[in-house]
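Report on one structure; see the data block that follows.
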2 protein chains.
Amino acid sequence: MTTPKFAQIKQFIVDNIRSGAWLENQRVASENELAEQFSVSRMTARRALSELTEAGILTRSQGLGTFVASFKSQSSLLEIKNIADEVKARNGNYSCTVLVLESISAVAPIAIALGVEVDSVVYRSVLVHNENEQPLQVEERFVNPALATSYLQQDFTALTPHEYLSSVAPLTEARHTVEAIMPNSEMCQWLNLYHEEPCLQVIRRTWSSSGIVSFARLVSPGSKYRLGGHLTFKK
Amino acid sequence: MTTPKFAQIKQFIVDNIRSGAWLENQRVASENELAEQFSVSRMTARRALSELTEAGILTRSQGLGTFVASFKSQSSLLEIKNIADEVKARNGNYSCTVLVLESISAVAPIAIALGVEVDSVVYRSVLVHNENEQPLQVEERFVNPALATSYLQQDFTALTPHEYLSSVAPLTEARHTVEAIMPNSEMCQWLNLYHEEPCLQVIRRTWSSSGIVSFARLVSPGSKYRLGGHLTFKK
DNA sequence: ATATTTACCTTGTATATACAAGATGGCTTG
DNA sequence: CAAGCCATCTTGTATATACAAGGTAAATAT
């Protein structure tokens, strides 16, 4: 099985950039030039350039040409993965225990974060995600009851809250912040921490088309959990 | 007609997913069906589907069809931006002070991280990035001297180390980890912290085609700095 | 009845062609 | 000299066509 022509051209371009032969903002061959060099049609050469542009490796300007993108503008990205998948990926034994599953009256900060009236009823759950029976992450979640009416009836040891919520209210947007915090005594108990240690806290708010679905706080001990990211030219 | 046809089809598909009309893993119209519905050629309909697939909103399978991607598989991304740009973006007064700029003998962990011989000479810099004259982040960086010979002669109050290094050794890859740590006493001094508080630590290793360029440790107080991320269907 | 072939759908790759639109430099005209 | 025009490069959009290759299900042969 041969590699497609457009993929060969992409590889040729990426190799030249990776090796340093083509520098930032340098002009690369036009569609017609590439088409002739590789004996392909313009549309095939175009596909290679377009896909590398979409990937952020090249920039194009109508009338001017195609250029090597400047690395400076590339922001580095970190992934937040599903913690159950992460544990399973490293052959850990994943389990989950439900600590709290209740409906409460929303105090002001919670109500604002969920976009509901103060003192209205919202659902709250607290789960502990375990790796090999040791607490790895505490998930405290506040849910807009209008968008997930039967939230309290779910079995979250089988399906995570995030998975359940995406099935009942299609997610359209999510926002995250990550910070370093010191856990309070309640959190220390949940995480089974004997001595205080800094924790990574991820705040995630998710939207669907009908409004804010939920507001989650994910807290993990700094000694056991970290976020990883990877940025490369390879494609 | 101002907006291109392929863009209209993309919008039509995205709208249907955002509104919840099309659910996860549901099959969407084939290229030929879309082409007929919108009175365009198959290649134009194909472009809409291909670009949404590239964006992670659809998945395609040869012989089977095109489907709405499952939200579960979408990993959420966090951006690590240039801290000087971030400060300027919120109208803060950015400044930078150079604490250390030296060549040292690499102990084992540093040598391994940089991919050089133990006890060989490497460059080290420690900078403090300030917002309104208050320390916001400490950057400790170890540099492979073979790839940035005149690193010690640079003025890092004008050009950040990252910017300088990308200009002399084209970056091809970067890896990050983020974790929550407790700063040691030296770091507390640098960050001007009177009481101990948890800090966010980003470790960044950068590669060029000739090898590992540098190894940086970026430490910020948890009370002053957080990472933000955003994920949306809009395109 | 079971196994195989065949027809027909799907997406994937590749080409040739046409025209639109942005950018540039040289030429013509006032 | 300067303003406008034009030829010519670039990328962008759109179409029609051809064949390859994966997947499913019905029709056929064993």
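Lettering of chains follows the sequences in order, A, B, ..., and the numbering in each one begins at 1.
Both A/R42 and A/S61 lie near DNA chain C, and the one whose nearest nucleotide falls closer to the 5' end is A/R42. The residue among A/T66 and A/M43 whose nearest nucleotide of DNA chain D is located toward the 5' end is A/T66. If you find the closest nucleotide of DNA chain C to A/T44 and to A/Q62, the one lying nearer the 5' end belongs to A/T44.
An OP1 or OP2 oxygen of D/dC9 is reached within less than 4.0 angstrom by no side-chain nitrogen or oxygen of A/N32. The shortest distance between the side-chain N/O atoms of A/S30 and the OP1/OP2 oxygens of D/dT10 is below 4.0 Å.
Residues passing the salt bridge (charged side-chain N to carboxylate O under 4.0 Å, His left out) test with A/R217 are A/E140, sequence neighbours excluded. Take A/R204 and apply the salt bridge (charged side-chain N to carboxylate O under 4.0 Å, His left out) test, not counting sequence neighbours, and it matches no residue.
Salt-bridge annotation for A/R90 and A/E131: present, with a side-chain N of the basic residue lying under 4.0 Å from a carboxylate O of the acidic one.
Counting any heavy atom pair closer than 4.0 Å across all strands shown, B/R46 reaches a base atom. B/R47 comes within 4.0 angstrom of sugar-phosphate atoms only, judged by non-hydrogen atoms across all strands, and of no base.
Aromatic rings from B/Y151 and B/F142 are positioned such that their centres are separated by 6.0 Å or more. Under the 6.0 Å cut-off for aromatic ring centres, B/F12 and B/W22 qualify, their centroids lying closer than that.
Heavy-atom contacts of chain A under 4.0 Å fall on DNA chain C between two terminal nucleotides, which in 5' to 3' order are C/dT13 to C/dT24.
Note: CD (B/E31) to C1' (D/dG22) measures 14 Å, nearest angstrom. Note: CZ (B/R60) to C1' (D/dG23) measures 15 Å, nearest angstrom.
Using a distance-only test at 3.5 Å, with no hydrogens or angles considered, a donor-acceptor pair links the side chain of B/E33 to the main chain of B/S30.
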